[in-house]
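To start, the structure itself, in structure tokens.
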Amino acid sequence: MEIKVVKHILEANEVIASQNRKLFEEKGIYVANLMGSPGAGKTTLLEKTIEKLKETKSIAVIEGDIETSRDAERIAAHAIPTVQINTGGACHLDGNMVRGGLEGFDLDQIDLLIVENVGNLVCPAEFEIGENDKAMIISVTEGDDKPEKYPLMFQVSSVLLLNKIDLLPYLDFDMERFQGEAFKVNPRLKIMNISCKTGEGLDNWFRWIEERTSKKGS
Amino acid sequence: MHESAIAQSLLEIIEQETLPYAGAKVTTLTLRIGKLSGVMPEALTFAFEALSMGSRSEGASLIIEEVPLSIKCNQCGRVHIVDDPFMICPHCEGTDVEMIAGRELEIRNMEIEDGNQGSQTHT
Ligand SMILES: Nc1nc2c(ncn2[C@@H]2O[C@H](COP(=O)(O)OP(=O)(O)O)[C@@H](O)[C@H]2O)c(=O)[nH]1
Ligand SMILES: [Mg+2]
Ligand SMILES: [Zn+2]
């Protein structure tokens with residue numbers, strides 16, 4: 001016999017993600033889900049962001065990693081609350097993993113939670129975790145043809161950080177092509193060119209994230 | 001790559017939906033997968049076959065309908081099915097465009113075979 005079930009396959013995840021989102025709202029926490037390939041500069045950007053904002057905002061970080069805890073150690077060295085989530089092989093974080101990770105924090109003390117997702121350009125885009133915004137980071141060494149190849153991540157992101165622009169002189173990276181394609185895939189995407197090495201362009205990013213984070217008790 | 005997580009969720013939905021039918025086996029599952037979802041049908045089928053072993057879905061055949069990307073232009077009102085993942089109206093080049101199909105990750109229906117009665121279909 002036939003059973004009609006019209007259901008979103010990831011419905012269970014969406015439900016947990018919206019519960020997370022409600023909790024973040026109640027606690028007044030702004031949450032950014034940072035996604036990008038391995039090596040794009042996610043952890044480096046996080047370190048820069050923490051150094052810049054930690055005097056004025058209470059920051060916490062969730063590090064999603066397939067197996068190691070190296071990134072979590074890098075972040076913890078900046079003396080902010082850090083939770084490491086090992087996905088045990090999964091190529092993305094999901095709502096449930098993040099919910100588990102939250103147990104490691106005192107949520108009443110946090111203004112800004114940044115989640116470093118697992119390094120991957122496909123899967124994290126599909127799984128909501130309860131974030132306010134998805135931020136994508138890609139480095140110029142990955143080539144200028146990525147928007148059309150991995151459209152979903154570009155589409156679901158609010159902001160795109162194009163990192164390692166200090167390396168542009170050594171590459172054949174067609175900036176016009178990249179930006180044009182990214183715009184076509186997502187006309188609302190805010191693109192920022194940055195270098196975590198030289199610091200170029202980072203002020204734009206700091207301002208963007210600072211504007212979205214409200215300070216507890218002020 | 002996330003096909004195994006999707007197959008896992010799928011199996012959980014099946015278990016829930018078939019609770020009232022003790023002993024039934026799932027024979028066919030129909031899914032709708034949007035072109036933009038980044039899910040590869042072969043990889044999903046493979047993951048499903050592996051993860052369904054020993055469950056009531058073991059051996060079920062997966063019918064995957066791929067849904068093309070469609071966009072609706074709010075400027076000229078036209079709807080287009082497009083090949084490229086671009087949010088630009090092919091007619092008026094407007095960028096105030098909504099995606100109306102292409103991100104589906106849906107289960108649509110399933111065929112089950114009752115433990116005692118054999119296969120029967122009614123709609
Ligand atoms: N030249 C250059 N290297 C960078 C920049 N940002 C990060 N890197 C380097 O890229 C490598 C990967 O960075 P990491 O933050 O670990 O990437 P993740 O895997 O995305 O977390 C490290 O060796 C960083 O020092 C940049 O703006 N310019
Ligand atoms: Mg990292
Ligand atoms: Zn139009």
Side-chain angles (χ1 to χ4, degrees), chain A residues 1-17 35 37-38 64 66 87-97 117-129 145-157 177 180-189, chain B residues 1-14 16-18 20-21 24 26-40 44 69 82 84-89 93-97 99 102-114 117-123:
Chain A
M1 101 181 114
E2 184 177 320
I3 306 178
K4 289 252 178 252
V5 241
V6 181
K7 260 199 171 162
H8 182 35
I9 298 174
L10 297 180
E11 188 183 75
N13 185 61
E14 313 260 301
V15 169
I16 296 171
M35 308 178 297
S37 308
I66 294 184
T87 61
C91 44
H92 58 273
L93 290 173
D94 65 24
N96 200 33
M97 297 179 211
N117 217 312
V118 179
N120 184 309
L121 278 182
V122 182
C123 318
E126 203 84 73
F127 294 82
E128 298 280 318
I129 56 172
D145 60 350
K146 294 296 171 288
E148 199 176 344
K149 280 193 180 156
Y150 301 98
L152 186 60
M153 188 164 288
F154 285 84
Q155 246 153 21
V156 296
S157 296
R177 171 181 178 189
E181 245 184 40
F183 176 78
K184 283 200 278 182
V185 168
N186 180 358
R188 291 177 198 85
L189 187 62
Chain B
M1 289 182 269
H2 52 318
E3 282 82 0
S4 58
I6 288 167
Q8 190 60 49
S9 307
L10 194 52
L11 284 163
E12 281 159 21
I13 293 175
I14 294 168
Q16 285 235 314
E17 297 290 331
T18 54
Y21 310 95
V26 178
T27 54
T28 310
L29 269 177
T30 310
L31 311 181
R32 278 163 60 83
I33 304 290
K35 194 179 165 193
L36 212 77
S37 70
V39 170
M40 298 197 303
L44 181 56
L69 178 60
V82 289
D84 294 325
F86 296 149
M87 297 297 108
I88 301 223
C89 175
E93 299 190 350
T95 56
D96 181 6
V97 159
M99 192 189 308
R103 278 203 64 184
E104 292 77 359
L105 269 184
E106 278 175 8
I107 174 166
R108 295 298 288 202
N109 78 54
M110 46 192 180
E111 285 282 322
I112 62 171
E113 196 178 271
D114 212 304
Q117 292 162 5
S119 178
Q120 41 176 249
T121 308
H122 38 112
T123 21

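Every chain is numbered from 1, with letters handed out A, B, ... down the list of sequences. No hydrogens, no waters, no symmetry mates; every other heavy atom, side chains included, goes into these values.
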| field | Identified side-chain contact (heavy atoms from CB on, under 4.5 Å) partner of I3(A) from the options N109(B), I14(B), I112(B) | value | I112(B)
Pairwise distance [atom1]([X]) to [atom2]([Y]) - rounded to 0.5 angstrom:
X       : Y       : atom1 : atom2 : value
E2(A)   : T27(B)  : CD    : OG1   : 10.0 Å
E106(B) : H8(A)   : CD    : NE2   : 8.5 Å
M1(A)   : D114(B) : CE    : CG    : 5.5 Å
M99(B)  : L152(A) : CE    : CG    : 7.5 Å
Q16(B)  : K7(A)   : CD    : NZ    : 5.5 Å

Please report the closest heavy-atom contact between [X] and [Y], naming both atoms and the distance.
X       : Y       : answer
V97(B)  : R188(A) : O-NH2, 3.9 Å
Q155(A) : P85(B)  : NE2-O, 3.5 Å
L36(B)  : P151(A) : CD1-CG, 3.9 Å
S9(B)   : I9(A)   : CB-O, 3.3 Å

Sort [X] into side chain, backbone, both or neither according to what part of it lies under 4.5 angstrom from a heavy atom of chain A.
X       : value
L105(B) : both
S37(B)  : both
V26(B)  : neither

| Heavy-atom proximity to chain B below 4.5 Å, by part of V118(A) |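 Nothing of V118(A), per the 4.5 Å heavy-atom cut-off to chain B.
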| request: Can you tell which part of F154(A) gets under 4.5 Å to a heavy atom of chain B, answering side chain, backbone, both or neither? | output: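 Neither; nothing under 4.5 Å.
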| query | Under the side chain to side chain donor-acceptor pair (under 3.5 Å) test, which residues partner S37(A), sequence neighbours left out? | reply | E142(A)
| said: Is there a side-chain contact between M40(B) and V122(A) in this structure, where contact means two heavy atoms from C-beta onward sitting under 4.5 Å apart? | reply: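 Not touching, per the 4.5 Å side-chain cut-off.
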| message | Within the supplied structure, the quantity of interest is the number of heavy atoms (other residues, nucleotides, ligands) at a distance under 6.0 Å from E14(A) CD; does it exceed 12? | response |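 Enclosed: over 12 neighbouring heavy atoms sit under 6.0 Å from CD of E14(A).
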| task | Could I get the full list of side chain to side chain contact (heavy atoms under 4.5 Å, CB included) partners for V5(A), not counting sequence neighbours? | result |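 For V5(A) the side chain to side chain contact (heavy atoms under 4.5 Å, CB included) partners, ignoring immediate neighbours, are E17(B), I107(B), M110(B).
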| field | From CA spacing to verdict: side-chain contact (heavy atoms from CB on, under 4.5 Å), L10(A), H2(B) | value | CA-CA 11 Å; L10(A) 297 180; H2(B) 52 318; 5.9 Å; no
| task | Test side-chain contact (heavy atoms from CB on, under 4.5 Å) on F86(B) and E181(A) and set out the steps. | result | CA-CA 8 Å; F86(B) 296 149; E181(A) 245 184 40; 4.3 Å; yes
